Trainee: 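Before we start, here is the structure in question, set down as structure tokens.
Computed from a predicted structure; not experimentally measured. Residue numbers count from 1 along this sequence. Every number for a ligand or one of its atoms is a count from 1 in the order of the listing.
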Amino acid sequence: MALLSTRDSAAMATVLAKANLTAAEKRPRPKIVLVDDDARMVRSIHDLLADQDYDLTMIVSPREAIEHLSAHRADLVLLDLRMPELDGHQVMDIITARNFDVGVVVISGERDIDAAIGAVKRGVYGYLRKPFHPEDLLTTVAQALHRKTLEAEKREIQYQLECSERLYRYLVDTLPDIIYTIDTEGRFTYINDRAEQLLGYTREELVGKHYSTIVHEDDLERARYVFQERRVGDRASRNVELRLKSRNALMEERYFDNTLLTISFNATALYSVSEDKNRRELFGTYGVARDITELKRAEQRISYQAFYDVLTDLPNRVLFKDRLDLAIIHARRNSTKIAVMFVDLDGFKPINDTLGHLKGDQLLREVAQRLRLNLRRGDTLARVGGDEFTVLLPDLRNPKDAAAIARKFLWSLKQPFQLDNQLVHISASIGIAVYPDDGTTMEDLVRHADIAMYQMKTEGKNNFRFYDVSMEIAANQKVVLAQSLRQAIDRNELEMYYQPQVDAGSGCIVGAEALMRWNHPERGTLSAGEFLPFAEENGLMLTLTDWMIRAVCNQLRVWNDTGLGVERVSINLSPQCLDRGDIARKLLRWVAGAGISPAQLEIEITESVCIRNPQQALSQLHKMANAGIGIAVDDFGTGYSSLAYLQQFPVKTLKIDRSFVKDIQHQNGHYPVVLAVISIAASIGVNVIAEGVETEGQSLYLANAGCTTMQGHLFYKPLPAAQFYEQFQQVRLRRASNDATWAP
Ligand code: C2E
Ligand code: CA
Ligand code: CA
């Protein structure tokens, strides 16, 4: 909104005050100044006017008269012409020059016609020749005063008009809409200032120009239709949406909702000075153009959002289904094949949780970008959920082609993503279903691709699988599994296994990791990886954790009682447990209840725990650490935490993730991640344990790199408590008999 100039605000104030003004106004007594060098003459005029309601002042010197007029307001001067120093004409000239607002009546004995003409030329209100009849004096003065009043009123009205004109112009120019008038030829006759702000044209540039100058080419036809219609004399207003062009190519085109009114300009209204009311009527068009650009954009956005995912600009589920539907019809008719892929990112959630949603979004956009590059024309990549994408490959010659695309997808994600200054690795699990082999309807194809993807997740991720009927059976079994897991505790089907952690140099068992097993009545022993994800998803984790803590504490108590000196058993705590504020208290209560030493327990947490809810988690961890419970960071290196976080909480041990150990192919190779973890551990002074050690080569490489505590199938698998006890005893006996050559 434009600021009001002082002129404008004064005008506004005047117009607004106008109504009160006339009512309040009461005219004062007219002030009349009598000027004649002849004192008797002045006196006699005074006496003649004395009984009128005038305020009279007598002055006998023209100079004094000028001085008086510059200091006091007066309505009328009765002026003699012939005077010493200054004559009457000169006095009048000064009055004009100095802009005194006073009328002059000349009272003169001058016979000369030039004197009278001189006075008239100077605009006298009256001319009275001496000697005069007293009646004539009264009439002349009264008439002059009347004229003076009329002129003042006229000036006042003119000023009022100017003010209101300025006010209306201000109002029109500061309106949010463009207002214009167009003549019969389609040329602008008026346009307000708003046009300049919105379109960049000045008023001068547009007035006189044809409206088509500013109408978008594609809308000209429509514009013409509306602008011409007025000739039929339609007086109703019409609304039409037009795009108007900006003067500057860099300014975008904007949308306007034009309200057009056909109006007739009355000639007398246009030329207010003209008195001729019979002039013929002139037609023109008055228009109000409202800027609806934002509204149009919102509309476009909404219709875009119905079919596209705004984050990645990929088609969404709706559009994908539509295309798949069409592709199926086409494939049926031409007996061709289609592949439907379900692509789900591995471990996206922890990245999103730890790095924040902004970076999570950035990652999704970049993933979408990379995936898209692998497609042919006609293929569709859609985003159908958080980190879920679907792909439609129509006209498939051979299912192998789908495998090739899946491989390309996986390959294109291999290179880490650079999110600002953070490098992030991500992979995907892909399921593929083929029409017509794996399904003939849209729903079946998508569901089967989803099941195949899920199967891939449980088989180790970062790869693809074609759908297979057996998977569906497995998928159904999982649903049943989740249900029966609820009853597993009551039925006493859970059991803790203990996987020894050894010192690779001596072969000593230095500790154990407690891992949960489910002795399923039909399916046999299920390892944690097979059922804990369901526990997490189904809110059973807290119950299972309670059970697990109790079982481990009791087990340690039993071992302590039999004199088995297990130094340390570690338990895994899911992030959900640390979100809950009472895990430390609970754990310590069970430790105390079982009468074991807190130092015998270690908890394993993943890096993401502390970043999800640092304050809450930190205080829990500190409570446990202060009580003497060790803290190990599990799966170290797969998360995205920084060292700064690590230093904030009381870590005792870092566990090198199985996936990094798995990468070690040869003892003489070079595996920088493993080396980095070991050196980080050394630099912050914590222990390091390698897990998932399966080969001699891995063990040697790790030992050489400085990590001697290990856990893995090379040494022991997770064992039931009784077997663990046996193994532990054996190793101790061997050590006691000083058997130097140790083998697992
Ligand atoms: P994790 O903490 O990384 O545990 C190590 C996993 O690696 C265990 O799988 C273990 O059996 C397996 N493993 C050990 N050595 C080797 C090896 O040499 N090669 C291979 N391929 N695997 C090896 P598991 O028991 O299936 O546990 C899976 C995950 O479930 C664990 O991963 C842990 O995060 C979680 N978990 C296990 N038990 C519990 C529990 O009682 N409570 C909680 N909250 N989580 C548990
Ligand atoms: Ca663990
Ligand atoms: Ca681990």
Trainee: Kindly determine whether R407 and W411 satisfy side chain to side chain contact (heavy atoms under 4.5 Å, CB included), including the steps that lead there.
Mentor: CA-CA 6 Å; R407 260 184 226 106; W411 181 252; over 6 Å; no

Trainee: Using a 4.0 Å heavy-atom threshold (strictly under), name the region of L532 that reaches ligand 1: side chain, backbone, both or neither.
Mentor: side chain

Trainee: Looking at E513, pick out the N, O or S atom nearest to the Ca ion (ligand 2) and give its name.
Mentor: OE2

Trainee: So is T545 touching ligand 1 or not, going by heavy atoms under 4.0 Å?
Mentor: no

Trainee: Are the aromatic rings of W559 and F724 close, with centres under 6.0 Å apart?
Mentor: yes

Trainee: Do E530 and S527 have a side chain donor and acceptor closer than 3.5 Å?
Mentor: yes

Trainee: Strictly under 4.0 Å, does any heavy atom of E513 approach an atom of ligand 1?
Mentor: yes

Trainee: Report yes if the side chains of N374 and S412 come closer than 4.5 Å at any heavy-atom pair, otherwise no.
Mentor: yes

Trainee: L573 versus ligand 1: do any nitrogen or oxygen atoms come within less than 3.5 Å of each other?
Mentor: no

Trainee: Among T606, L515, I549, which residue places a heavy atom closest to atom 31 (C) of ligand 1?
Mentor: L515

Trainee: Pairs of nitrogen or oxygen atoms closer than 3.5 Å, one from M516 and one from ligand 1: do any exist?
Mentor: yes

Trainee: For a 4.5 angstrom cut-off between non-hydrogen side-chain atoms, does L393 reach M341?
Mentor: yes

Trainee: Could you see which bit of D657 sits under 4.0 Å from ligand 1, with heavy atoms only: side chain, backbone, both or neither?
Mentor: neither

Trainee: What part of Q711, side chain, backbone, both or neither, has a heavy atom within less than 4.0 angstrom of ligand 1?
Mentor: neither

Trainee: Classify the contact between V693 and ligand 1 as side chain, backbone, both or neither, using a heavy-atom distance cut-off of under 4.0 Å.
Mentor: backbone

Trainee: Where's the contact between H713 and ligand 1, heavy-atom distance under 4.0 Å: side chain, backbone, both or neither?
Mentor: both

Trainee: Distance alone, cut at 3.5 Å: any donor-acceptor contact between the side chains of S427 and D346?
Mentor: yes

Trainee: Within the 4.5 Å heavy-atom criterion, are I680 and F636 side-chain neighbours or not?
Mentor: yes

Trainee: Counting backbone and side-chain atoms alike, is an N, O or S atom of E604 positioned under 3.0 Å from the Ca ion (ligand 2)?
Mentor: yes

Trainee: Please identify which atoms of ligand 1 are closer than 4.0 Å to at least one heavy atom of G712.
Mentor: 15 (N), 18 (O)

Trainee: Ligand 1 versus K655, non-hydrogen atoms closer than 4.0 Å: side chain, backbone, both, neither?
Mentor: neither

Trainee: Among R658, K717, M710, M548, which one has a heavy atom closest to atom 22 (N) of ligand 1?
Mentor: R658

Trainee: Answer yes if the side chains of Q455 and E459 hold a donor-acceptor pair under 3.5 Å, and no otherwise.
Mentor: yes

Trainee: So that I can check it, does any N, O or S atom in N572 come closer than 3.0 Å to the Ca ion (ligand 2)?
Mentor: yes

Trainee: Please find the N/O/S atom of D634 nearest to the Ca ion (ligand 2) and write down its name.
Mentor: OD2

Trainee: What part of P718 sits under 4.0 Å from ligand 1 if we count only heavy atoms: the side chain, the backbone, both or neither?
Mentor: side chain

Trainee: So that I can check it, does any N, O or S atom in E691 come closer than 3.0 Å to the Ca ion (ligand 2)?
Mentor: no

Trainee: Does any donor atom in the side chain of E472 or Y467 lie under 3.5 Å from an acceptor atom in the other side chain?
Mentor: yes

Trainee: Give a yes or no on whether the ring-centroid distance for Y671 and Y701 is below 6.0 angstrom.
Mentor: yes

Trainee: Heavy-atom distance to atom 15 (N) of ligand 1: which of M496, M541, Q499 wins?
Mentor: Q499

Trainee: Hey, is E530 one of the residues with a heavy atom under 4.0 angstrom from ligand 1?
Mentor: no

Trainee: Would K586 and D546 pass as an ion pair if we require N to O under 4.0 Å?
Mentor: yes

Trainee: Between I656 and I689, is any pair of side-chain heavy atoms under 4.5 Å apart?
Mentor: no

Trainee: Would you call L542 and C577 a side-chain contact if the rule is heavy atoms closer than 4.5 Å?
Mentor: yes

